[in-house]
Amino acid sequence: MSGSNRNEPPASPTPERELNLRTRRAFLTLGVGAAAGFGAWRWLRGRPQIDGLPRPFRRMLQFNERIAAAYFDERHLAPVFPVSAIQEMRTNGDIGLGDDYDPQEWRLTIKPVTDPGQVRHLALADIRALPKVEHITQLKCIEGWSVVTHWTGARFSEFTEQFARESIQAPYIGIQTPDEAYFVGLDRSSAMHPQTLLCYEMNGAPLTMEHGAPLRLAIPVKYGIKNIKRIGTITYSAERPRDYWAEEGYDWYAGM
Ligand SMILES: Nc1nc2c(c(=O)[nH]1)N[C@H]1C(S)=C(S)[C@@H](COP(=O)(O)O)O[C@H]1N2
Ligand SMILES: [Mo]
């Protein structure tokens with residue numbers, strides 16, 4: 001979300017999915033209701049704040065999230081695109097991608113839900129050994145642009161079955177960069193969604209540092225903010241994990 005973007009007009013609308021429409025409609029209905037019913041902005045500004053947002057907005061986001069979670073269906077796929085639609089990559093966000101980092105030293109840390117002290121460490125080869133899955137989907141930044149990208153990696157669900165079997169029912173997954181500066185929280189059904197991949201390639205080439213080498217998340221059922229780059233630790237948990245942008249006032253769920 002930092003300012004390294006070229007200024008391009010927002011991408012043209014893509015085919016909206018039902019989930020998307022229902023969620024937006026619920027959001028709008030409530031938003032319009034709140035505005036009309038209470039004389040809007042001045043009133044809102046005077047309200048108590050929750051996580052830096054006036055309480056009514058926070059409540060709206062929470063409501064929106066409940067609707068999205070209720071309608072979420074693992075079989076509901078994000079739109080996929082033909083090879084001809086693949087676009088040039090764009091880079092956005094470098095939180096947790098500091099220079100004091102040695103790719104040779106990289107190991108993925110797993111903290112199982114049963115006992116977070118029982119950490120496990122994996123090498124990239126362990127993830128590459130899982131069935132290779134590819135898809136061409138859109139990375140949508142909350143700032144209003146998107147890029148159609150070819151992603152290659154392992155399904156998060158298969159990764160979990162293989163390396164964190166005892167955690168497969170954990171309701172939440174938290175993922176952090178090695179320096180813990182960027183972190184995302186995911187609900188189980190989004191993480192286990194068949195299109196959610198631990199990626200080691202983008203557009204047919206190994207990940208570059210700026211795109212999150214050696215391993216990042218591709219989660220096309222979520223906005224760009226959840227597509228964490230340079231994954232260091234994966235924690236399965238019973239509690240909702242912290243989330244960088246949720247703490248800045250964005251919707252924790254950030255679903256599409
Ligand atoms: N570690 C880390 N991952 C991150 C970010 C970040 O700042 N740090 N930004 C996110 C945001 S806001 C977007 S839109 C995407 C952009 O991915 P890209 O740089 O590969 O296009 O990365 C996401 N993952
Ligand atoms: Mo973003």
Side-chain angles (χ1 to χ4, degrees), residues 1-11 13-14 20 61 78-79 81 85-103 105-109 124 127 134-153 156 173-187 190-191 193 195-235 241-256:
M1 314 267 301
S2 65
S4 60
N5 291 317
R6 285 165 285 146
N7 273 331
E8 284 171 12
T14 51
N20 210 345
L61 288 178
F81 295 79
I86 295 170
Q87 291 170 306
E88 200 187 314
M89 284 185 276
R90 226 182 130 140
T91 311
N92 197 44
D94 58 5
I95 306 160
L97 305 186
D99 299 334
D100 51 341
Y101 167 74
D102 180 1
E105 296 287 300
W106 183 87
R107 288 287 180 280
L108 177 65
T109 301
L124 191 61
I127 293 139
E134 308 182 35
H135 58 64
I136 300 170
T137 53
Q138 206 167 28
L139 177 80
K140 278 198 203 181
C141 179
I142 224 149
E143 292 169 344
W145 52 268
S146 65
V147 255
V148 174
T149 304
H150 177 188
W151 305 96
T152 305
F156 190 85
I173 292 97
I175 310 184
Q176 302 174 316
T177 53
D179 66 1
E180 302 178 12
Y182 198 75
F183 42 90
V184 300
L186 300 170
D187 54 286
S190 300
H193 185 280
Q195 289 173 313
T196 300
L197 307 182
L198 288 169
C199 284
Y200 40 80
E201 285 177 22
M202 273 171 84
N203 291 356
L207 281 187
T208 58
M209 291 294 253
E210 60 184 3
H211 291 289
L215 194 68
R216 74 169 300 170
L217 197 68
I219 182 160
V221 297
K222 299 283 192 192
Y223 277 101
I225 46 177
K226 298 283 192 187
N227 290 243
I228 181 172
K229 302 186 274 193
R230 195 190 284 179
I231 295 173
T233 305
I234 298 176
T235 306
R242 289 181 61 198
D243 184 274
Y244 186 92
W245 285 109
E247 291 181 9
E248 299 295 322
Y250 285 84
D251 179 16
W252 187 89
Y253 195 76
M256 309 225 284

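The analysis underlying the following values was restricted to heavy atoms, covering all of them including side chains, and did not include hydrogens, waters or symmetry mates. Order of listing sets the numbers, starting from 1, for every ligand and every atom in it. Numbering starts at 1 and runs along the sequence shown.
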**Residue portion contacting ligand 1 (non-hydrogen atoms closer than 4.0 Å) for R216** = side chain
**Asked** Relative to the heavy atoms of I228, which atoms of ligand 1 are at a distance of less than 4.0 Å?
**Response** 3 (N), 24 (N)
**Item:** CA sep, side-chain torsions, deciding dist, call: D243, K226, salt bridge (charged side-chain N to carboxylate O under 4.0 Å, His left out)
**Value:** CA-CA 9 Å; D243 184 274; K226 298 283 192 187; 2.7 Å; yes
**Per-atom contacts of ligand 1 with C141, taking only distances under 4.0 Å to non-hydrogen atoms** = 14 (S)
**Prompt:** Under 3.5 Å, is there a donor-acceptor pair between the side chain of R230 and the main chain of G98?
**Reply:** yes
**Request:** Check each of G93, C199, G224 against atom 11 (C) of ligand 1 and report the one with the nearest heavy atom.
**Result:** G224
**Request:** Identify whether NZ of Lys or CZ of Arg in K222 sits under 6.0 Å from the centre of the six-membered ring of Y253 and within 45° of that ring's axis.
**Result:** yes
**Request:** Pull out every atom of ligand 1 sitting under 4.0 Å from any heavy atom of L139, numbered as shown with elements.
**Result:** 16 (C), 17 (O), 21 (O)
**Request:** Look at ligand 1 and say whether R230 reaches it with a heavy atom at a distance under 4.0 Å.
**Result:** no
**Asked** Below 4.5 Å, heavy atoms only, C-beta onward: do W106 and L215 meet side chain to side chain?
**Response** yes
**Request:** Check K229 against ligand 1 and report side chain, backbone, both or neither, counting heavy atoms closer than 4.0 Å.
**Result:** both
**Asked** If you round to the nearest 0.5 Å, how far is CD1 of I142 from CG of N92?
**Response** 11.5 Å
**Asked** Do any nitrogen or oxygen atoms of R90 lie less than 3.5 angstrom from nitrogen or oxygen atoms of ligand 1?
**Response** yes
**Asked** At a 4.0 Å cut-off, with the gap strictly under it, does some heavy atom of G96 reach an atom of ligand 1?
**Response** no
**Request:** Go through ligand 1 atom by atom and flag the ones less than 4.0 Å from a non-hydrogen atom of N227.
**Result:** 22 (O), 23 (C), 24 (N)
**Message:** Within the 4.0 Å heavy-atom shell around T177, which atoms of ligand 1 are there?
**Reply:** 1 (N)
**Prompt:** Would you say the side-chain atoms of Q195 pair up with the backbone N or O of H135, donor to acceptor, closer than 3.5 Å?
**Reply:** no
**Prompt:** Do the side chain of D187 and the main chain of S190 share a donor and acceptor less than 3.5 angstrom apart?
**Reply:** yes
